[in-house]
> 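Here you go, one structure.
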Amino acid sequence: MILAIYPRTEGPLNDQFKEGDIFRRYPDSYSPGESELKRFLFVKIDNASGVDNDELVSQEFGVPPSGLSLPVIARQRKYRINCAAKLTPEEWADAQDPEVSVDVIVGVFGVGDIEAK
């Protein structure tokens, strides 16, 4: 599978993406376009047949404040990958730069790198 990782923190609010959040899962055959390569960091994960796609990209909800009936987003995503831990500082800087397109990262990350927040 190929995962699109959010390389930058969108903002401080709970319903905004944070650095390392798993945005979406794609099949191994997926080929991201130029604009996607600038917006996300794509990583290929081998041997991921048992990973639940819906769970990987699910939001985490909290208890709503009194008087509200709708749940509140506690986290935009439940799972993340700490990409900075396995990339060089230069590679990570390129991934965070919205003007630079980074090719799909292959052979660096595995299922064990997916962590719950």
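Values below: all heavy atoms of this structure, side chains included; hydrogens, waters and symmetry mates excluded. The structure presented is a predicted model; accordingly, all values stated were derived computationally and were not measured.
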> Heavy atoms, side chains only, cut-off 4.5 Å: are E60 and K117 in contact?
no

> Work out which heavy atom in V104 is nearest to a heavy atom in K44; give both atom names and the distance.
CG1-N, 4.1 Å

> Mind checking whether S101 and K38 have side chains closer than 4.5 Å, heavy atoms only?
yes

> Find out whether E55 and K78 are in side-chain contact, i.e. whether some heavy atom of one side chain is under 4.5 Å from a heavy atom of the other.
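Side-chain contact under 4.5 Å: yes.
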
> Describe, in one word, how the ring planes of F40 and Y6 are oriented to each other, choosing from parallel (under 30°), tilted (30 to 60°) and perpendicular (over 60°).
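Rings of F40 and Y6: perpendicular, over 60°.
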
> What are the two closest non-hydrogen atoms of R25 and L56, and how far apart are they?
CD-CD1, 4.4 Å

> Check whether any side-chain heavy atom of Q59 lies under 4.5 Å from a side-chain heavy atom of I73, and answer yes or no.
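Counting from C-beta outward, Q59 and I73 do come under 4.5 Å.
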
> Using side-chain hydrogen bond (donor to acceptor under 3.5 Å, both in side chains) as the criterion, point out the one residue from R8, E91, E19 that pairs with Q96.
E19

> Taking the side chain as every heavy atom from C-beta outward, state whether L41 and I105 have any atom pair closer than 4.5 Å.
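SC-SC contact between L41 and I105 confirmed.
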
> Looking at side-chain heavy atoms only, is the closest gap between V72 and N14 below 4.5 Å?
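Side chain of V72 against side chain of N14, heavy atoms only: no contact under 4.5 Å found.
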
> Does NZ or CZ of R39 come closer than 6.0 Å to the centre of the six-membered ring of F23, within 45° of the ring's axis?
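Yes, cation above the ring, under 6.0 Å and within 45°.
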
> Taking all non-hydrogen atoms of both residues into account, name the closest pair between I45 and D28 and its distance.
O-OD1, 4.5 Å

> For the backbone of Q16 and the side chain of K18, can you confirm whether one donor and one acceptor N or O come within less than 3.5 Å of each other?
yes

> So, using side-chain contact (heavy atoms from CB on, under 4.5 Å) as the criterion, who are the partners of P27 when residues are at least two apart?
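By the side-chain contact (heavy atoms from CB on, under 4.5 Å) rule, P27 matches S29, Y30.
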
> Should I114 and V43 be regarded as members of a common hydrophobic cluster, given that ILVMFWY residues are connected when their side-chain heavy atoms come within less than 4.5 Å of each other, either directly or indirectly?
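The answer is yes; both residues are in one hydrophobic cluster.
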
> Side chains of F109 and L87: does their closest heavy-atom pair fall under 4.5 Å?
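In contact.
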
> Does any non-hydrogen side-chain atom of D113 lie less than 4.5 Å from one of N82?
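Contact flag for N82/D113 side chains = no.
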
> To check you understand the geometry: which heavy-atom pair defines the closest contact between C83 and I5, and what is its length?
SG-CG2, 3.8 Å

> Return the set of residues passing side-chain contact (heavy atoms from CB on, under 4.5 Å) with A93 (not counting sequence neighbours), or none when no residue passes.
none

> For the backbone of F17 and the side chain of Q76, can you confirm whether one donor and one acceptor N or O come within less than 3.5 Å of each other?
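Here the side-chain-to-backbone pair does not exist.
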
